[in-house]
Trainee: 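First the structure, which I've put down as structure tokens, then a few questions once you've had a look.
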Amino acid sequence: MILMKVSHFINTIIEEDIESGKHKRAITRFPPEPNGLLHLGHARAIITNYTMAKNHGGYFNLRFDDTNPVKEDISFVEGIKEDIAWLGCEWENLFFASDYFNEMYQRALLLIKRGKAFVDDLSAEDIKKYRGNLTTPGKESPYKNRSIEENLQLFIDMKNGVYLDGSKVLRAKIDMTSPNMNMRDPIIYRIQRAHHYNTGDEWCIYPMYDYAHPIEDAIEGITHSLCSLEFEDHRPLYDWVVKYCEMEKIPRQIEFGRLIMANKVTGKRNLKQLVENNVVMGWDDPRLITLSGQRRRGVPPEAIVDFINALGLPKTQGPTEIDMLDQFVRDHLKTSAPRTNAVLDPLKLIVDNYPEDKVEYLEVENNRENEALGTRKIPFSKYVYIEREDFIEVKPNKKWKRLALGIEVRLMHAYFVKANSIVKNEQGVITEVHCTYDEATKSGSGFNERKPNGNIHFVDATHNQKAEIRLFEDLILDFKDKDIPFIEKINPDSLIIKHGFIEEGMKVKKGDRFQFTRNGYYSVDKDTTKDNIVFNRIVSLRSSFKKKAV
RNA sequence: UGGGCCAUGGCCAAGUGGUUAAGGCACCGGACUUUGACUCCGGGAUCGAUAGUUCGACUCUAUCUGGCCCAGCCA
């Protein structure tokens, strides 16, 4: 990844820490829980952590925060690694929180010995009651004053499987009256007999996030632990753990605002619901803003990086419109993607005065703005397909820059054609448009005696390839109405499948990206087979053409 | 309601006492054009509110209003 200069409050903090000599370099980490795949929101955390480390002489770790075996799965570990690598954020080390379970256990023992933790026999229900609420202080557990020796033995027995799941927990002794709920003697270990993908059945007690995370950071020598705003309230606890567990290295947690995309489903639980109910094709459905979905759709990773960097790192958390990302996608594809003609909704155009069996091959540049992409030959004959929306019987106004009866347009790269008549079927649908061409107007001939009424593209009707083209619309309708669960407002037409034609000579490979002239950017989907080429619309071209409300 | 955080044009976002208040997206004009694309030109905010401090405030203080987060043996 090309490093970008960034300027925001976290960058400033890191620079000050380096100037003051507190740290020589920045070491950061991205700590996903492997309970689902990542989305655009995570890209901010990944890119920020990565960029801050790289810009300050340090490195970036990928650490799976796998302290809750009942929710986690190895399959997500692989998927997440793939997503991060795709973004170009190389990690220095790949770690698992579960690799530190023994050290965490030892530190817990230390906490008990220092009189800073105790084993609580209260039920989950009672713990909740004792905790109080936002306005009422909590009450201390009746078990808080056990002796150090008793706590030690109890905790060791917890670890050794003497007690049932849920029957006991280890809690930090902090302050039941704290206005910060996180400080009301937080639970730091629970008993949970579950198979862990990494540690198997070795443990029946698992550390809680608030206890595990600071230890993980300290073990790895993380200097700046960057996370999102909702953890601000956890920071005092984070610091408490680092202090009383007597960690040698002191990491500092700093929070930034989450990235929220307008009208998009985020949250692993919600995404999982869409996937499991088969509302979408999978975690990598192009309508999702999962990184895998964006990858499958054809979004270049560089566009995501640029988008994230352009957003900065604010503490505000307003919804960002997807249009902004779209523009970065276009910027990246503008000169890099070859341009080609495709007709999604074909209408046959017959050139009456063109010889019946003649086929000529016209030389066409692959990208006017990037000559390095070379040229290709496209066939042209008496029969071609044009986009149905490029023809109208009667030119409605001077703004109409396409074909109409009596009107002449340029078939891009070929000739000017003038529409003369149409054929309709019984339903009144136009099935053919008949036109005549003017040989003198051939592209490249320098003809300039008159101007056409516009330029439209075509695909030859006798020499072409068929293609399935997938267009994507909003997955959720009326997203803002929070009273209705999103699962009940799925857009039935969020996936539109077109069966159209692409150029005869087009060679496609899964993942390739193209611009379909006058239409948009498309990529070759993984569903493509020998007999069925499938394209995904990545993003449409911008258009100032407004269809008159009919 | 106790605590924490946030508040700049339709959206995102620079700005940390003195600027005509950057920029991007979107939108609206116009030029150019073998993509109604691209490119180029032009268009709009007094900074949540109020009261202070100050020669001077988007930037400092107070109060208010609005939004987000916290009462999992999730992360």
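This structure is a prediction, so every number in the text was calculated from the model and none was measured. Naming: A, B, ... by sequence-line order, numbering from 1 per chain.
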Trainee: Nearest to the side chain of A:Thr135 - B:A37, B:G2, B:C11?
Mentor: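 From the listed options, B:G2 comes nearest.
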Trainee: Which listed nucleotide (B:A75, B:G36, B:C74) is nearest to the side chain of A:Gln192?
Mentor: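 Of B:A75, B:G36, B:C74, B:C74 is nearest to the side chain of A:Gln192.
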Trainee: Base, sugar-phosphate, or nothing: which does A:Lys268 touch, judged by heavy atoms less than 4.0 Å apart?
Mentor: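 It contacts nothing in the nucleic acid.
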Trainee: If you find the nucleotide of RNA chain B closest to A:Thr441 and the one closest to A:Leu313, which residue's nucleotide is nearer the 5' end?
Mentor: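 That would be A:Leu313.
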Trainee: Does B:G36 have OP1 or OP2 under 4.0 Å away from a side-chain N or O of A:Arg518?
Mentor: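 A:Arg518 to B:G36 OP1/OP2: side-chain N or O found under 4.0 Å.
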Trainee: Output yes when at least one side-chain N/O atom of A:Lys334 is less than 4.0 Å from OP1 or OP2 of B:U39, else no.
Mentor: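 Yes, A:Lys334 has a side-chain N/O under 4.0 Å of OP1/OP2 on B:U39.
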Trainee: Taking only the side-chain nitrogens and oxygens of A:Arg131, find out if one of them lies under 4.0 Å from OP1 or OP2 of B:C73.
Mentor: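 It does, given that an N or O in the side chain of A:Arg131 lies less than 4.0 Å from OP1 or OP2 of B:C73.
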Trainee: If you find the nucleotide of RNA chain B closest to A:Thr517 and the one closest to A:Asn182, which residue's nucleotide is nearer the 5' end?
Mentor: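 Counting from the 5' end, the first nearest nucleotide belongs to A:Thr517.
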Trainee: Does the side chain of A:Asn68 pick up a donor-acceptor pair with the side chain of A:Glu72 at under 3.5 Å?
Mentor: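 A:Glu72 and A:Asn68 do not have a side-chain donor-acceptor pair below 3.5 Å.
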Trainee: Taking the minimum atom-to-atom distance to the side chain of A:Pro314, which one of B:U34, B:C11, B:A13 wins?
Mentor: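 The closest nucleotide is B:A13.
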Trainee: Relative to the ring of A:His39, is the ring of A:His42 parallel (under 30°), tilted (30 to 60°) or perpendicular (over 60°)?
Mentor: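 The rings of A:His42 and A:His39 sit tilted, inter-plane angle from 30° to 60°.
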Trainee: Which is true for A:Gly257 with a 4.0 Å heavy-atom rule: it touches a base, it touches only sugar-phosphate, or it touches nothing?
Mentor: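 Here A:Gly257 touches no strand at all.
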Trainee: Taking atom P of B:C69 as reference, at what distance in whole Å does atom CZ of A:Arg235 sit?
Mentor: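 Taking atom P of B:C69 as the reference, CZ of A:Arg235 is at 18 Å.
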Trainee: OP1 or OP2 of B:A26 versus the side-chain N and O atoms of A:Arg542: is any pair under 4.0 Å?
Mentor: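 Answer yes for this pair, as a side-chain N or O of A:Arg542 is under 4.0 Å from OP1 or OP2.
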Trainee: Syn or anti for B:G72? Use the chi torsion, O4'-C1'-N9-C4 for purines and O4'-C1'-N1-C2 for pyrimidines, with syn inside 90° of 0.
Mentor: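 Syn for B:G72; the angle stays within 90° of 0.
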Trainee: Under 3.5 Å, is there a donor-acceptor pair linking the side chains of A:Thr517 and A:Asn519?
Mentor: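 Checked: A:Thr517/A:Asn519 side chains show no N/O donor-acceptor pair below 3.5 Å.
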Trainee: Mind checking if A:His457 touches a base, just sugar-phosphate, or nothing, with heavy atoms under 4.0 Å?
Mentor: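 No contact at all - A:His457 keeps every heavy atom at 4.0 Å or more from the nucleic acid.
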Trainee: Tell me whether the rings of A:Tyr197 and A:Phe96 are parallel (<30°), tilted (30 to 60°) or perpendicular (>60°).
Mentor: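 Answer is perpendicular, since the angle exceeds 60°.
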Trainee: Taking all non-hydrogen atoms of both residues, which atom of A:Tyr521 and which atom of A:Gln515 are closest, and how far apart?
Mentor: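 Of all heavy-atom pairs spanning A:Tyr521 and A:Gln515, the closest is OH-NE2, 3.2 Å.
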Trainee: Send over the distance from A:Lys264 NZ to B:C11 P, rounded to a whole Å.
Mentor: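 About 19 Å, once rounded to whole Å.
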Trainee: Is the ring centre of A:Tyr211 less than 6.0 Å from the ring centre of A:Tyr189?
Mentor: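 Between A:Tyr211 and A:Tyr189, the centre distance is under 6.0 Å.
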Trainee: May I ask you to evaluate whether A:Gln327 reaches the phosphate of B:G24, defined as a side-chain N or O under 4.0 Å from OP1 or OP2?
Mentor: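 For B:G24, OP1/OP2 do not have a side-chain N/O of A:Gln327 under 4.0 Å.
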Trainee: Counting any heavy atom closer than 4.0 Å, what does A:Leu541 reach on the DNA or RNA strands: base, sugar-phosphate only, or nothing?
Mentor: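 Base, at least one base heavy atom under 4.0 Å.
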Trainee: My understanding is that only one of A:Trp203, A:Phe64, A:Phe101 makes a ring pair (Phe, Tyr, Trp, His ring centres under 6.0 Å) with A:His196; could you say which?
Mentor: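 Output: one option passes, namely A:Phe101.
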Trainee: I'd like the C1' distance from B:G44 over to B:G29, given in whole Å.
Mentor: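 To the nearest whole Å, 12 Å.
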Trainee: Mark yes or no: A:Lys377 above the aromatic ring of A:Tyr361, with NZ or CZ under 6.0 Å from the six-membered ring centre and no more than 45 degrees from the axis.
Mentor: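 Ring-cation test returns no.
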Trainee: Does OP1 or OP2 of B:A75 have a side-chain N or O of A:Arg190 closer than 4.0 Å?
Mentor: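 Indeed, a polar side-chain atom of A:Arg190 lies that close.
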Trainee: By nearest atom, which of the nucleotides B:A26, B:A37, B:A75 is closest to the A:Glu33 side chain?
Mentor: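 Between B:A26, B:A37, B:A75, the one nearest the side chain of A:Glu33 would be B:A75.
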Trainee: Figure out the CG/P separation between A:Leu311 and B:C25, and round it to whole Å.
Mentor: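 From A:Leu311 CG to B:C25 P: 13 Å.
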Trainee: What is the distance, to the nearest angstrom, from the CG atom on A:Leu271 to the P atom on B:A75?
Mentor: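 Interatomic distance, CG of A:Leu271 to P of B:A75: 20 Å.
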Trainee: Please pick, from B:U34, B:G3, B:C12, the nucleotide with the shortest atom-to-atom distance to any side-chain atom of A:Pro179.
Mentor: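 Closest nucleotide to the A:Pro179 side chain: B:G3.
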Trainee: Look at all strands and tell whether A:Pro32 reaches a base, only sugar-phosphate, or nothing, counting heavy atoms closer than 4.0 Å.
Mentor: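 Touches nothing.
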Trainee: B:G72 phosphate, OP1 or OP2: any side-chain N/O from A:Lys128 under 4.0 angstrom?
Mentor: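 For B:G72, OP1 or OP2 has a side-chain N or O of A:Lys128 closer than 4.0 Å.
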Trainee: Sequence neighbours excluded, which residues qualify as ring-ring contact (aromatic ring centres under 6.0 Å, His included) partners of A:Phe479?
Mentor: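 Partners of A:Phe479 under the ring-ring contact (aromatic ring centres under 6.0 Å, His included) test: none.
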Trainee: To the nearest Å, how far apart are A:Met208 CE and B:C73 C1'?
Mentor: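 In whole Å, B:C73 C1' lies 6 Å from A:Met208 CE.
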Trainee: Round to the nearest Å and state the distance from A:Arg410 atom CZ to B:G36 atom C1'.
Mentor: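 Computing the A:Arg410:CZ to B:G36:C1' distance gives 15 Å.
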Trainee: To the nearest Å, how far apart are A:Asp331 CG and B:C38 P?
Mentor: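 For the pair A:Asp331 CG and B:C38 P, the rounded distance is 10 Å.
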Trainee: CG of A:Leu362 versus C1' of B:U34: gap in Å, rounded?
Mentor: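 So the two atoms are 13 Å apart, to the nearest Å.
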Trainee: With a non-hydrogen cut-off below 4.0 angstrom, is A:Tyr189 in contact with a base, only sugar-phosphate, or nothing?
Mentor: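 The residue A:Tyr189 makes no contact with any strand.
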Trainee: Please determine whether any donor N or O and acceptor N or O are separated by less than 3.5 Å between the side chain of A:Arg402 and the base of B:G36.
Mentor: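 By the distance-only test, yes, there is a pair.
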Trainee: Between the protein and nucleotides 4-6 of chain B, which nitrogen or oxygen pairs come in under 3.5 angstrom?
Mentor:
| unit_1 | atom_1 | unit_2 | atom_2 | d |
| --- | --- | --- | --- | --- |
| B:C5 | O4' | A:Glu232 | OE1 | 3.2 |

Trainee: Specify whether A:Trp400 and A:Phe545 have parallel, tilted or perpendicular ring planes, treating 30° as the upper limit for parallel and 60° as the lower limit for perpendicular.
Mentor: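 Plane angle over 60°, so perpendicular.
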Trainee: For B:C74, take OP1 and OP2 only and decide whether either is under 4.0 Å from a side-chain N or O of A:Thr67.
Mentor: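 No, outside the criterion.
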Trainee: What is the nucleic acid contact for A:Glu255, judged by heavy atoms within less than 4.0 Å: base, sugar-phosphate only, or nothing?
Mentor: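 The answer is nothing, as A:Glu255 stays clear of every strand by at least 4.0 Å.
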